[in-house]
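Below: one structure, written as structure tokens.
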There are 2 protein chains.
Amino acid sequence: MEPAYRRIAAAYRDKISSGELAPGERLPTEHEIGEQFGVVRQTVRTGLGVLVTEGLIVARRPHGYFVREWERLIYRPQEKSRPMPARATMDRFSQQISDEGRVPSMSIDIALVQATPDLAERLRVEPGATVVIRRRVRFINGEPVNINDSHFPLDLVKDSEIVSPSYIPRGTDQVLADLGHKQERAVDEIFVRMPTPDEIRRLGLGPGTPVAVHYDTGYTADDRPVACTVNVLPGDRHRIVFERRWRENEPLS
Amino acid sequence: MEPAYRRIAAAYRDKISSGELAPGERLPTEHEIGEQFGVVRQTVRTGLGVLVTEGLIVARRPHGYFVREWERLIYRPQEKSRPMPARATMDRFSQQISDEGRVPSMSIDIALVQATPDLAERLRVEPGATVVIRRRVRFINGEPVNINDSHFPLDLVKDSEIVSPSYIPRGTDQVLADLGHKQERAVDEIFVRMPTPDEIRRLGLGPGTPVAVHYDTGYTADDRPVACTVNVLPGDRHRIVFERRWRENEPLS
DNA sequence: TCAAGTACATTGTCTAGACGATCTGAAGGA
DNA sequence: TCCTTCAGATCGTCTAGACAATGTACTTGA
């Protein structure tokens, strides 16, 4: 026989997936569920805890448990490799959001840090070498939606406006291009994992919310990596989209 | 003061991220940790439970808790839009795996199902319309690594080999092309979420493992969707990679 | 020697109950 | 009327202990 806590989890998972419990709707209290299934409160908690870590429900003390709602922003990595409009006053993300009638905002801070192994490999610097990190958190209507940490080798950007913690309307790619490091090619890598406590704090994530981590490494024409941006996208707030066309004539690698 | 269970979680999270506890290494028993922190076993369990749902450790009864190891396969959606080699005897995935000296295998089953709303929208059929689903689970060395469920509108493929539950070396894209539905363009969408119990079962997932869900919708030259493949990629086993080049002359949409 | 059985360590499930933390809404007072 | 206070509901944390389930390793018997 299946353990009681799993029967409870399965029962409410079904109610949610069948639509009997709609997003935003409230579940019975732990006490009530306990009576119904004939178990003590702790067992109910274990069962509902499963659904919390699955991201299906959230607990709001002292109101109860509620079915979670997911609203996703479209995220297009390919947009990054289009030229910016000449007279842009904000970046693509902010433009899109304000076109939708919502209020974009951003926090920026700059630091010099030692490259972690994953960054050192992508930027082709020594592990522990100093890199400039430009940390941004994007908000919509005051709610954090994603993290964008751009990393640059220190010697490339040390005298440019990239190291000043202010907004750069034309974008850091353009600044790099003006410095003679025009990007021609980029490699995108996407990892899926659970967030770190730091990411949970910065993004205000609830339990059961995985993240996609998008590494965007930009290369110049002579194949030198000049920037690596780490985007942390909460799973409940994003949908990553890109397009492909068939390439008939290309040789197989 | 922070609750005891979170102090325990933080302590072992630090030991793992600092490398003091290496992947595969064993943690002390619940009993030992309880003595060290001066709490009962249940509290230790709550703390270690946090790390389990974060995907950092796994419990193996009756051996104890172990630091989890992540080994990721490279997944390239863009490879899908390259022509297959003429004399291919296996698909791209199997070829790659066997080139690496590992043993690929696959289970296939075919069914007629009613389109769920998300599929109906992508294939532009009525919700509830019948579609052919070609369900595959891929294995490496006998371990499941991902799910690929390809969906086709029934009237397009009803007399073809797509509805037979056998291996098609040239690939279903080629079968569709031979039927006069050659794909020219595809839209990729990636979602991140926790797996369903069904996915956990089919993929043998441990707790704390999120999945990336990759929808690959293929369109013909006259912009009709003819296939939608849903790939479920466990986060601990994949790394999604694609490449971009800058497009100078394209108009902004 | 080899197979079957058994003791043991460890995690898994569950009970019963206590007190804390947080928000709502009602009662009471200015 | 409006603000303050406070009781109550609900989830959060923790204790103490019981028995089950599951591999491992040792013991026992043929």
Side-chain angles (χ1 to χ4, degrees), chain A residues 1-13 15-16 21 24-68 197 200-201 204-209, chain B residues 1-13 15-16 21 24-68 197 200-201 204-209:
Chain A
M1 170 110 144
E2 212 177 7
Y5 80 95
R6 276 203 246 171
R7 291 202 307 274
I8 293 171
Y12 281 93
R13 192 187 292 114
K15 280 184 206 286
I16 292 167
L21 276 169
E25 208 165 332
R26 208 194 123 188
L27 276 67
T29 66
E30 294 174 345
H31 184 76
E32 286 164 353
I33 296 175
E35 284 200 335
Q36 191 196 331
F37 284 82
V39 295
V40 299
R41 198 180 134 224
Q42 199 57 240
T43 304
V44 177
R45 282 184 65 74
T46 307
L48 296 184
V50 171
L51 301 187
V52 169
T53 64
E54 285 176 8
L56 292 176
I57 62 177
V58 289
R60 290 221 312 270
R61 182 173 53 172
H63 305 288
Y65 290 87
F66 295 82
V67 180
R68 184 154 167 190
I200 290 173
R201 193 174 38 75
L205 297 180
T209 308
Chain B
M1 171 111 141
E2 212 177 7
Y5 80 94
R6 276 203 248 169
R7 290 202 307 275
I8 293 170
Y12 281 94
R13 192 187 292 115
K15 280 184 205 287
I16 292 167
L21 276 170
E25 207 165 331
R26 208 195 123 184
L27 275 66
T29 67
E30 294 173 346
H31 184 76
E32 286 164 352
I33 296 174
E35 284 200 335
Q36 191 195 331
F37 283 82
V39 295
V40 299
R41 197 181 135 222
Q42 199 57 240
T43 303
V44 177
R45 282 184 66 74
T46 307
L48 295 184
V50 171
L51 301 186
V52 169
T53 64
E54 285 176 8
L56 291 177
I57 61 176
V58 289
R60 291 220 312 269
R61 182 173 54 172
H63 305 288
Y65 290 87
F66 296 82
V67 181
R68 184 154 165 190
I200 290 173
R201 193 175 35 75
L205 297 180
T209 309

Whichever of Pro62(A) and Ala4(A) has its nearest DNA chain C nucleotide further upstream toward 5' | Ala4(A)
Of Glu2(B) and Arg26(A), the one whose closest nucleotide on DNA chain D sits nearer the 5' end is Arg26(A)
Is the base of dG17(C) touched by the side chain of Arg41(A) through a donor-acceptor pair closer than 3.5 angstrom?
-> no
Judged by modelled atom types alone, do Thr43(B) and Arg7(B) share a side-chain donor-acceptor pair under 3.5 Å?
-> no
Side-chain N or O of Thr43(B) less than 4.0 angstrom from OP1 or OP2 on dT15(D)?
-> yes
Minimum-distance nucleotide to His63(A) side chain [options: dT24(D), dA21(D), dC23(C)] | dC23(C)
Length of the line joining Ile57(A):CD1 and dC11(D):P, which is rounded to integer Å | 10 Å
Quickly work out the Arg61(A) CZ to dG12(D) P distance and round it to whole Å.
-> 6 Å
The reported gap from CD1 in Ile8(B) to CZ in Arg45(B) (rounded to nearest 0.5 angstrom) is 12.5 Å
Counting only distance, no hydrogens or angles, is the base of dG12(D) paired donor-acceptor with the side chain of Arg6(B) under 3.5 Å?
-> no
To the nearest Å, how far apart are Leu27(A) CG and dA9(D) P?
-> 20 Å
Rounding to a whole Å, what distance do you find between Arg45(A):CZ and dA16(C):P?
-> 18 Å
Look at Tyr65(B) and dG12(C) and indicate whether a side-chain polar atom (N or O) is within less than 4.0 Å of OP1 or OP2.
-> yes
Name the nucleic acid region contacted by Gly38(B), choosing base, sugar-phosphate or nothing; use a 4.0 angstrom heavy-atom cut-off, strictly under.
-> sugar-phosphate
Less than 4.5 Å apart, any side-chain heavy atom of Glu30(A) and any of Tyr65(A)?
-> yes
Roughly, in whole Å, what's the span from CZ in Phe37(B) to C1' in dT15(D)?
-> 18 Å
Contact class for Gly49(A) vs. all strands (heavy atom < 4.0 Å): base, sugar-phosphate, or nothing?
-> nothing
Here the distance between atom P of dT13(C) and atom OH of Tyr5(A), to the nearest Å, is 3 Å
Measuring from Arg6(A):CZ to Thr46(A):OG1, what's the distance to the nearest 0.5 Å?
-> 12.0 Å
For the side chain of Gln42(B), starting at C-beta, report the closest nucleotide among dC14(C), dG23(D), dA9(D).
-> dC14(C)
Interatomic distance, Phe66(B) CZ vs dG23(D) P [rounded to whole Å] | 13 Å
Spacing of Met1(B) atom CE relative to dC14(D) atom C1', expressed in whole Å = 13 Å
Which pair of heavy atoms, one from Thr53(B) and one from Val50(B), lies closest together, and at what distance?
-> OG1-O, 2.9 Å
